*Asks:* 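Right, I'll just put the structure down here and ask away after.
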Amino acid sequence: MRLEKCWFCSSTVYPGHGIQFVRNDAKIFRFCRSKCHKNFKMKRNPRKVKWTKAYRRLHGKDMTQDTTFEFERKRNRPERYDRNLAENTLKAIKKIDKIRVDREARHHNRRMKGKKVQEGKAAAKELEQSIHMVKAPLAQLQEPSLTLPKVAVQTKPVGEDNRLMEE
């Protein structure tokens with residue numbers, strides 16, 4: 001089973017899925033869905049469209065240069081089975097997975113560090129702009145204009161309503 005990559009968004013195109021476009025110079029373009037095909041026909045650059053993998057790699061959103069991804073590549077040549085080699089491979093897979101998880105966590109923390117600073121600046125700016133709305137509780141007690149006025153509600157006896165309706 002041959003899995004192709006979408007020319008526009010770089011996602012996997014499975015057999016029997018997607019669209020294949022062949023240009024006049026015999027260059028083949030494969031697309032995973034009509035969304036990618038239409039964007040290609042509109043001559044959009046995948047590096048400028050936010051949902052593509054090319055954009056994410058270019059703007060540092062995805063991990064691009066991680067050597068642990070090279071271990072996942074499939075090799076089509078048959079190899080002789082060796083028990084020691086299989087055992088060492090299984091041990092290596094666990095180590096590689098641990099390394100990959102650690103790198104992804106570091107990558108995520110590095111990206112989120114800037115977000116926290118940005119949110120802090122936005123909160124400080126909002127507070128600075130609307131400081132007049134924030135008052136201390138002690139100031140509310142001292143200044144009666146800051147509290148809602150108290151309205152007295154008078155109730156009528158039940159019998160008065162009936163007399164009005166009879167007249």
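Keep in mind that what you see is a predicted model, and the values were worked out from it rather than measured.
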*Asks:* Calculate, to the nearest 0.5 Å, the distance between atoms CZ and OG1 belonging to R57 and T52 respectively.
*Replies:*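 So the gap between those two atoms works out to 8.5 Å.
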*Asks:* Return the set of residues passing side-chain contact (heavy atoms from CB on, under 4.5 Å) with K61 (not counting sequence neighbours), or none when no residue passes.
*Replies:* R56, H59, R111
*Asks:* In the hydrophobic clustering (ILVMFWY, side-chain contacts below 4.5 Å, transitive), which residues join M42, or is it alone?
*Replies:*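 In the cluster with M42 there is nothing else; it is isolated.
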*Asks:* Only pairs under 3.5 Å count here: list side-chain donor-acceptor contacts from residues 24-39, not counting sequence neighbours, and write none if there are none.
*Replies:*
from: D25; atom 1: OD1; to: R23; atom 2: NE; distance (Å): 3.2
from: D25; atom 1: OD1; to: K27; atom 2: N; distance (Å): 3.3
from: D25; atom 1: OD2; to: R23; atom 2: NH2; distance (Å): 3.2
from: N39; atom 1: OD1; to: R44; atom 2: NH1; distance (Å): 2.6
from: N39; atom 1: ND2; to: K35; atom 2: O; distance (Å): 2.7

*Asks:* Hey, can you pull the donor-acceptor pairs under 3.5 Å for the side chains in residues 3-10, sequence neighbours left out?
*Replies:*
from: E4; atom 1: OE2; to: R2; atom 2: NE; distance (Å): 3.0

*Asks:* Apply salt bridge (Lys or Arg N to Asp or Glu O under 4.0 Å) to E119 and list each qualifying residue two or more places apart in sequence or on a separate chain.
*Replies:* none
*Asks:* Using the side chain to side chain donor-acceptor pair (under 3.5 Å) criterion, which residues pair with D97? Sequence neighbours excluded.
*Replies:*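 Listed in chain order: nothing, the list is empty.
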*Asks:* Once side chain to side chain donor-acceptor pair (under 3.5 Å) is applied, do any residues pair with R106, and if so which ones, sequence neighbours excluded?
*Replies:*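 Once residues adjacent in sequence are excluded, R106 has no partner under the side chain to side chain donor-acceptor pair (under 3.5 Å) criterion.
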*Asks:* Using the rule that Ile, Leu, Val, Met, Phe, Trp and Tyr join whenever any side-chain heavy atoms are under 4.5 Å apart, tell me whether L58 and F40 fall into a single cluster.
*Replies:* no
*Asks:* For residues 85-96, which side-chain donor-acceptor pairs fall under 3.5 Å, sequence neighbours excluded?
*Replies:*
from: N88; atom 1: ND2; to: N84; atom 2: O; distance (Å): 3.3
from: T89; atom 1: OG1; to: L85; atom 2: O; distance (Å): 2.6

*Asks:* In Å, rounded to the nearest 0.5 Å, how long is the span from OH of Y55 to CZ of R47?
*Replies:*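 These two atoms lie 13.5 Å from each other.
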